[in-house]
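In what follows, every chain begins at residue 1, and chains take the letters A, B, ... in the order their sequences are listed.
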Number of protein chains: 2
Amino acid sequence: MSLRIAIFDDNKNIRESITLLLDTVPTFEVVGSFSHVLDCVDDVRSCKPDIVLMDIEMPGMTGIEAVAAIRKEYPHIQVLMQTVFEDDDRVFDSICSGASGYILKNHLNTRLVDAINELQYGGSPMSPSIARKVLGKLQQIPQHVKPEEAPDYRLTVREKEVLACIVEGLSYKMIADRLTISYETVRSHVKKIYEKLHVASLTEAVAKAIHQRIV
Amino acid sequence: MSLRIAIFDDNKNIRESITLLLDTVPTFEVVGSFSHVLDCVDDVRSCKPDIVLMDIEMPGMTGIEAVAAIRKEYPHIQVLMQTVFEDDDRVFDSICSGASGYILKNHLNTRLVDAINELQYGGSPMSPSIARKVLGKLQQIPQHVKPEEAPDYRLTVREKEVLACIVEGLSYKMIADRLTISYETVRSHVKKIYEKLHVASLTEAVAKAIHQRIV
DNA sequence: GGTCTTCTCCCCGGATATGGGGATTGTGGC
DNA sequence: GCCACAATCCCCATATCCGGGGAGAAGACC
């Protein structure tokens, strides 16, 4: 069974040349070719591709939004982004939207077929300069994503609920209302929370709750 | 001028076979081959490579620490990691340590030369499955790293100082002390802060300050 | 000189939070 | 049955905060 491919690109010449190129590969089948992404989810539904080639510069909805939309409906579809630009923001926006690969347009002729094959076998083809940017990005964020001390304060579920309300800025009265318990009960919980968090005021509790991601 | 390459791998056979392979490329020159990384910084200093091949599994100091050490002293050197494993943690640790590429050992024969060339021209060669992992990782961290709306509340410096104290959990009295102003002045600032942040309590102010990174 | 902003200080009255007690249920473990 | 614990409620006295005022000094801008 052949690999079904859909193309989104506002440039007719590019769509045609990509189609020609892909048609030279027996196991590939271009099942759709679209000049805009306004109906991309419908388009994808009707032509059922395994892989989508998406131009990042598109009229109307951007290619980035389109990727997000498509991946939301059809998470199994692999999306390969293509662009003439390689500015950081768009690269990372695409990645965050769920693109599985990213190649520059001037590498299309030489790399596209390989890239599609790589996608199919669980890879994430990227033009070299893109790959470098991606690694650089990962190096920037590291520390505070992974280690992140997570002391366990052993708050009960109820206490966490109360704490969440506090962080929202509610007063004891409002919390009592929201949780349909009495004002005094809220106080009791808060006292317990203070003990467990080793704080002595709402502000401290809020700061700690947010920083330690208790809420 | 040829490209100088150093090899770190505890397996003698692998070192030799890599050397043989690389020697077939006229523009490559293997300038060092080491079985451990205990003196890696010294080794690198003496053989002055452009590119380092580093096995991730090494006796003594791990390849990951070695990368960090080498990159710290010689940031211009590109390091290509190689491993038989592809467990997430080590991949990401290596990246965070500053590796510029990452290939699996069973791709060595077919990909090593290409990978080195790619490194040289500003790319970041990765085995397909590694590339996929890296993208996946980037997708996980997203929202709070990049754009993050940054509304400008136009707080004055003084107001920010007061806000910072509040987030620390200080009371008005303590803030007055810390900033050597009167209690009433603190109150005035707080009122202004409430206005500007559109909040009506310390807890809300703290939550907003932290979430919007005002402090 | 006039206007604006910032930082400083003040008063009052009411609202809210805090500290330090005590008490009652129900649940689950031993 | 006893014990620990979570969850619920109560009281009192004090501390602290909040809203809505007013006001003076210093500097920036026109």
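The interatomic distance linking A:Lys192 (NZ) with C:dT18 (C1') rounds to 17 Å, in whole Å. The distance between atom CD of A:Glu195 and atom P of C:dG20, rounded to the nearest whole Å, is 11 Å. In this structure, B:Arg187 places its CZ atom 12 Å from C1' of C:dG14, rounding to the nearest Å. Per the geometry, CG belonging to B:Leu202 stands 11 Å off C1' belonging to C:dT16, to the nearest Å. Separating the NE2 atom of B:His189 from the C1' atom of C:dC10 is a distance of 14 Å, rounded to the nearest angstrom. If you take CD of B:Glu159 and P of C:dT8, they are 10 Å apart, rounded to a whole angstrom.
For DNA chain D, the span of nucleotides reached by chain B at under 4.0 Å from its heavy atoms goes, 5' to 3', from D:dT16 to D:dG21.
Side chain to side chain, A:Thr203 and A:Ser201 meet the donor-acceptor criterion of an N or O pair below 3.5 Å.
B:Ser127 is not listed as a side-chain neighbour of B:Arg111, based on a closest heavy-atom distance of 4.5 Å or more. Annotation: side chain of B:Met126 is in contact with side chain of A:Leu135 (closest heavy-atom distance under 4.5 Å).
For B:Arg187, the salt bridge (charged side-chain N to carboxylate O under 4.0 Å, His left out) partners are B:Glu184, not counting sequence neighbours. Residues satisfying the ring pair (Phe, Tyr, Trp, His ring centres under 6.0 Å) test with A:Phe34, not counting sequence neighbours, are A:Phe8. Judged as a side chain to side chain donor-acceptor pair (under 3.5 Å), and not counting sequence neighbours, A:Thr27 has no contacts. Under the salt bridge (charged side-chain N to carboxylate O under 4.0 Å, His left out) criterion, B:Lys191 pairs with no residue at all, not counting sequence neighbours. With sequence neighbours left out, B:Arg158 forms a salt bridge (charged side-chain N to carboxylate O under 4.0 Å, His left out) with B:Glu161. For B:Asp42, the side chain to side chain donor-acceptor pair (under 3.5 Å) test picks out B:Arg45, with sequence neighbours left out. Residues meeting the salt bridge (charged side-chain N to carboxylate O under 4.0 Å, His left out) test with A:Glu159, sequence neighbours left out: A:Lys196. For the side chain to side chain donor-acceptor pair (under 3.5 Å) test, no residue two or more places apart in sequence or in another chain qualifies with B:Glu73.
Contact annotation: B:Thr185 side-chain N/O to C:dC9 OP1/OP2 distance is under 4.0 Å.
Ionic pairing of A:Lys105 and A:Asp55 is present here: one or more N-O contacts between side-chain nitrogen and carboxylate oxygen are shorter than 4.0 angstrom. With respect to the salt-bridge test (charged N to carboxylate O, under 4.0 angstrom), the residues A:Glu204 and A:Lys208 do not qualify.
Of the residues in residues 169-179 of chain B, those placing a heavy atom less than 4.0 Å from an atom of DNA chain D are B:Ser171, B:Tyr172, B:Lys173, in numerical order.
Each end of the helix from C:dG1-D:dC30 to C:dC30-D:dG1 yields a helix axis from five base pairs, and these two axes differ in direction by 50° (to the nearest 10 degrees).
Among the heavy atoms of the strands, none lies under 4.0 Å from A:Val186.
Between A:Lys191 and B:Tyr183, it is B:Tyr183 whose nearest contact on DNA chain C lies nearer the 5' terminus. When the nearest nucleotides of DNA chain C are assigned to A:Val190 and B:Thr180 by heavy-atom distance, the more 5′-ward of the two goes with B:Thr180.
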Nucleotide by nucleotide, nucleotides 23-30 of chain C touches protein heavy atoms under 4.0 Å in the pattern (B base, S sugar-phosphate only, - none) --------

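Checking side-chain atoms of A:Ser182 against main-chain N and O of A:Thr185 turns up a donor-acceptor pair under 3.5 Å.
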